[in-house]
Amino acid sequence: MSEDDSGRLERLNSMLKRRGFLAPAFEIHGGAKGLYDFGPVGGRLRSRVIQSWIDHWLQLGNVVEVACPAVTPFAVLEASGHVGEFSDFMTTCKSCEEASRADTLLEAHHPNPDDLNLNELKQLLQSVNPSCPACDSPDWSEVVAQNLMFDTTIGSGKSGRAGFLRPETAQGIITSFPSLYRHFRERLPFGAIQVGKGYRNEIAPRQGMIRLREFNMAELEYFIDPEAEVTPNLSRWNDTNMAFLPRGKDELNSTLEQVYLDGMIHHPTVAQFLGMAYEFLTGLGINSSKIRIRQHDENEMAHYAKDCWDIEILGSYGWIECLGVAHRGCYDLEQHHKATGKSMHARREFSEPILTTIDAWTVNGATVGPTFKALAGAVKQAVEELPKDTQFPTNITLSNSETVTVEQEHVKPNQKTIKETGEWYIPHVIEPSFGIDRIIWHALDHAYQELEKEGENYTVMRLDPSIAPIDYAIFPLFEKDGMDNLAMEVHQRFCSTSGIVSMYDGSGSIGRRYARADEIGVPNCITVDHQSLEDRTVTVRDRDSGEQTRVHIDSLIS
RNA sequence: GCGGAUAUGGUGAAGUGGUAUCAUAGGAGGUUUCCAACCUUUUGUCGUGGGUUCAACUCCCGCUAUCCGCACCA
């Protein structure tokens, strides 16, 4: 980062704070690492970005919106693998109270201490008893799992249950699969979106909005039949060259469809969602030349993922991952199924029923039971595998390696036709997951322009109008002669129109007011002047061009 | 978590063992026929806790936060 850039970052940050976009949270109490406020201007920006995101994904037509709790019982995140995979095992030196990671302390004594479980670590720590890196004392406390999730107790006293604040919104959707499946009349594919807060007790939050302890996430969980043929229309992005970083390959510029056809993106729905995500970002005003699509290395992927592509955005902090499209396979549904015994399956009907004709042997329960007693079940299994032309008596070997003699009286012919009209399977999940705060940061970063105007520094936020916090700024040229009243009337009409936010500003010179509006990215400023009083026309000034057009008040609001 | 730097009005800065200055921003009033003009006036500050001292924004220690490396990390 050059000196100029870091100066720009400082000026941007102080402007964002001064003008009410972003600020450290709880600042009067000294603030708290990794926690940020969206201020009086930023709050509106955030809700607009979120609304655009929701609208964007609802376009799919088979997606619904849900909202699940952030407080999540232990068992849910244990099943999802987060309790195990999201933890570090910590131990504390009893003499200097310095906390260390147990696996790090044991690196010299085990090829891969990271793979040890809690008990193995405890034992190895006891037998090795390494000295403390801080004070050399070899006296360690119990090893405890220090999880990156915020833990809490749900309820109080003896009835309290262990729980966490969710590290991702996904699990709430995935555990709702059975009700989503009913809602969609048991037909895949379908998806559910959720926008909400996620929590990670990061060891070292950094870089302003980039790594937070409480953050806004927006996720789609899209449930698919892994065997269904999908032919997505990727050609709609054929006139857009995107930058790709496939695993183990050099960066290349190509179209999404070409990269998919070349086999680098394994699932067509992943490709489609990457296109939609790209479209969403550029729609917010993110500079497309500062977007790249990067595939995760094998060892980089989260514990649940089969394949994962990130979209990274270049900004003041370098290339930052702002969203990921992960192919989670059947991992999550299977895990919750195993943990709860609840069905997480979907039914796939065959195009034609499969008829299976069986013409062989089965056991005669009345004789096999008394004869073989506890082995009867294994005998039945073995007998049903015998060919039709088997002669009895015969010796068969059971699954437990015991050999028994089966007589004619133990068996009877088994002739039947089984008709299967379909089968049950665990759906796969494709998950586009967006870091809303990081995306907002880059929208701000890319929109922020430092210009020079008549020798003076001049700041404009060229925010896309779809996410601008304020749509119109209304100025009376002078606050007198009725211009103030007319301006207030226009302001009120805007404010009572759903979806439009306007700001009245009557203080300072007109130039100063334009400058203030430009700084927070108001796309249009409307000025009421003397002529307005006569014919109810006003001037509309465009933020980016500075051009003014005169229009009638009534044509402003349809 | 480790190492280094930093913390003064809303923002950006200066400064001193004797309660602080400048710019800019904000409010009120005036003035001006459209891009940070001008005049008057006003608001507001030494991150936090402890120690040394007659006296601490200043010196010392802890804490918190911010920034930069390293480590960690979706």
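First the proteins, then the strands, lettered A, B, ... as listed; each starts at 1.
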Student: Whole-Å distance between B:rC73 P and A:R200 CZ?
Tutor: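 A:R200 atom CZ is separated from B:rC73 atom P by 13 Å.
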Student: Taking the P atom of each, how far is B:rG44 from B:rG10, in whole Å?
Tutor: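 These two P atoms come out 11 Å apart once rounded.
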Student: Could you tell me which nucleotide pairs with B:rC67 by Watson-Crick or G-U wobble geometry, both distances under 3.5 Å, or answer none if nothing does?
Tutor: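 Base partner found: B:rG4.
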Student: CG of A:L16 versus C1' of B:rU11: gap in Å, rounded?
Tutor: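 Roughly 12 Å, once rounded to whole Å.
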Student: How close do A:T459 and A:Y448 get, counting heavy atoms only, and between which atoms?
Tutor: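 Looking at all heavy atoms of both residues, the shortest contact is CG2-CE1, 3.3 Å.
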Student: Would you mind telling me which of B:rC34, B:rA65, B:rA74 lies closest to the side-chain atoms of A:K33?
Tutor: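 Out of B:rC34, B:rA65, B:rA74, the nucleotide with an atom closest to A:K33's side chain is B:rA65.
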Student: Closest to the A:A515 side chain: B:rC34, B:rA36, B:rA74?
Tutor: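 The answer is B:rA36, which lies nearest to the side chain.
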Student: Return the value, rounded to whole Å, for the distance between atom CG of A:L12 and atom P of B:rC67.
Tutor: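 So the CG-P distance, A:L12 to B:rC67, works out to 13 Å.
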Student: Find which nucleotide of RNA chain B each of A:S14 and A:E547 is nearest to by heavy atoms, and output the residue with the more 5' nucleotide.
Tutor: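 Residue closer to the 5' terminus by nearest nucleotide: A:S14.
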Student: I need the single residue from A:F273, A:F280, A:Y222 that forms a ring pair (Phe, Tyr, Trp, His ring centres under 6.0 Å) with A:W57. Which is it?
Tutor: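 Filter result, single survivor: A:F273.
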Student: Any donor-acceptor pair under 3.5 Å linking the side-chain atoms of A:Q171 with those of A:D332?
Tutor: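 Result is yes, a qualifying pair exists.
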Student: With rounding to the closest Å, how many angstrom separate the C1' atoms on B:rC61 and B:rU53?
Tutor: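 The answer is 16 Å between these two C1' atoms.
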Student: Could you tell me which nucleotide pairs with B:rU33 by Watson-Crick or G-U wobble geometry, both distances under 3.5 Å, or answer none if nothing does?
Tutor: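 Pairing partner, where one exists within any strand: none, as none qualifies.
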Student: Hey, is the side chain of A:S507 poking within less than 4.0 Å of OP1 or OP2 on B:rG27, counting only N and O atoms?
Tutor: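 Answer yes for this pair, as a side-chain N or O of A:S507 is under 4.0 Å from OP1 or OP2.
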Student: In whole Å, I'd like the distance from the NZ atom of A:K17 to the C1' atom of B:rA65.
Tutor: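 For the pair A:K17 NZ and B:rA65 C1', the rounded distance is 11 Å.
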Student: When the C1' atoms of B:rU21 and B:rC63 are considered, how many whole Å apart are they?
Tutor: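 Comparing C1' positions in B:rU21 and B:rC63 gives a spacing of 30 Å.
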Student: So, applying side-chain contact (heavy atoms from CB on, under 4.5 Å) with A:L22, which one of A:M15, A:K17, A:M209 is it?
Tutor: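 With A:L22 as partner, side-chain contact (heavy atoms from CB on, under 4.5 Å) holds for just one option, A:M209.
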Student: In this structure, which one of A:R19, A:R462, A:R543 forms a salt bridge (Lys or Arg N to Asp or Glu O under 4.0 Å) with A:E519?
Tutor: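 Checked A:R19, A:R462, A:R543 against A:E519; only one passes salt bridge (Lys or Arg N to Asp or Glu O under 4.0 Å): A:R19.
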Student: Phosphate oxygens OP1/OP2 of B:rA36: is one of them under 4.0 Å from a side-chain N or O of A:S509?
Tutor: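 Answer no for this pair, as no side-chain N or O of A:S509 is under 4.0 Å from OP1 or OP2.
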Student: If the P atom of B:rU43 is compared with that of B:rG47, how far apart are they to the nearest Å?
Tutor: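 Here B:rU43 and B:rG47 have their P atoms 22 Å from each other.
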Student: How far does the C1' atom of B:rC46 sit from the matching atom of B:rU19, given to the nearest Å?
Tutor: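 That atom pair is separated by 10 Å.
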Student: Under 4.0 Å, counting only non-hydrogen atoms across every strand here, what does A:F478 touch: a base, just sugar-phosphate, or nothing?
Tutor: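 Touches a base.
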Student: Measure from CD on A:E27 to C1' on B:rA65 and round the result to the nearest Å.
Tutor: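 After rounding, the reported distance stands at 9 Å.
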Student: Have a look at A:Q548 and say if it touches a base, only the backbone sugar-phosphate, or nothing, with a 4.0 Å heavy-atom cut-off.
Tutor: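 If one applies the 4.0 Å heavy-atom cut-off, A:Q548 turns out to touch a base.
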Student: Applying the Watson-Crick and G-U wobble criteria at under 3.5 Å, what pairs with B:rA56? Answer none if nothing qualifies.
Tutor: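 Result: none.
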Student: How would you label the contact of A:G208 with the nucleic acid (heavy atoms, under 4.0 Å): base, sugar-phosphate, or nothing?
Tutor: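 Since only primed, P, OP1 and OP2 atoms lie under 4.0 Å of A:G208, the category is sugar-phosphate.
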Student: Hey, is the side chain of A:R513 pairing donor to acceptor with the base of B:rC35 inside 3.5 Å?
Tutor: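 Flag unset: no donor-acceptor pair detected.
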Student: Does B:rA37 have OP1 or OP2 sitting under 4.0 Å from an N or O in the side chain of A:R512?
Tutor: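 A:R512 to B:rA37 OP1/OP2: side-chain N or O found under 4.0 Å.
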Student: If you measure from the P atom in B:rC22 to the same atom in B:rU42, how many Å do you get, rounded?
Tutor: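 So the two P atoms sit 14 Å from each other.
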Student: Rounding to a whole Å, what distance do you find between A:R18:CZ and B:rG12:C1'?
Tutor: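 That distance rounds to 9 Å.
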Student: Quick one: does any side-chain atom of A:Q548 pair with a main-chain N or O of A:T539 as donor and acceptor, under 3.5 Å?
Tutor: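 Side chain of A:Q548 to backbone of A:T539: no pair is present.
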Student: Which nucleotide, if any, forms a Watson-Crick or G-U wobble pair with B:rU48, using both distances under 3.5 Å?
Tutor: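 Base-paired to B:rG62.
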Student: Between B:rA36, B:rC34, B:rU33, spot the one nearest the side chain of A:H530, thanks.
Tutor: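 Given the options B:rA36, B:rC34, B:rU33, the side chain of A:H530 is closest to B:rU33.
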Student: Which base, if any, makes a Watson-Crick or G-U wobble pair with B:rA28, both distances under 3.5 Å?
Tutor: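 Across any shown strand, B:rA28 pairs with B:rU40.
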Student: Pick the C1' atom in B:rA25 and in B:rA36, then give their distance to the nearest Å.
Tutor: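 To the nearest whole Å, 11 Å.
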Student: Quick one: on RNA chain B, does A:Q207 or A:G511 contact a more 5' nucleotide (nearest heavy atom)?
Tutor: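 It is A:G511, whose closest nucleotide lies nearer the 5' terminus.
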Student: Please evaluate the base of B:rA74 for a donor-acceptor partner in the side chain of A:H296 within a cut-off of under 3.5 Å?
Tutor: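 Pair found.
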Student: Measure from CD on A:E519 to P on B:rU11 and round the result to the nearest Å.
Tutor: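 My rounded result for the distance is 14 Å.
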Student: Please tell me which of the listed nucleotides, B:rU32, B:rC35, B:rG10, lies nearest to the side chain of A:K480?
Tutor: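 Nearest to the side-chain atoms of A:K480, counting from C-beta on, is B:rU32.
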Student: Expressed as a whole number of Å, how far does the P atom of B:rA65 sit from that of B:rA71?
Tutor: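 About 23 Å, rounded to a whole number of Å.
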Student: Taking any strand in view, what nucleotide pairs with B:rU11 in a Watson-Crick or G-U wobble way, both distances under 3.5 Å?
Tutor: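 Across all strands, the one nucleotide that pairs with B:rU11 is B:rA23.
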Student: Per the atom types in the model, does the base of B:rA36 pair as donor or acceptor with the side chain of A:D518 at under 3.5 Å?
Tutor: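 No.
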Student: Using distance alone, with no hydrogens and no angle criterion, decide if A:D535 and A:T537 have a side-chain donor and acceptor under 3.5 Å apart.
Tutor: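 Checked: A:D535/A:T537 side chains pair up, N/O donor to acceptor below 3.5 Å.
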Student: Under the criterion side chain to side chain donor-acceptor pair (under 3.5 Å), which of A:E479, A:R512, A:R516 is the partner of A:S507?
Tutor: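 Single side chain to side chain donor-acceptor pair (under 3.5 Å) partner of A:S507 among A:E479, A:R512, A:R516: A:R516.
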Student: Considering every strand and a 4.0 Å limit on heavy-atom distances, what is the contact class for A:R19: base, sugar-phosphate, or nothing?
Tutor: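 Since no nucleic acid heavy atom lies under 4.0 Å of A:R19, the category is nothing.
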Student: Round to a whole Å and report the spacing from CZ of A:R8 to P of B:rG12.
Tutor: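 In whole Å, B:rG12 P lies 16 Å from A:R8 CZ.
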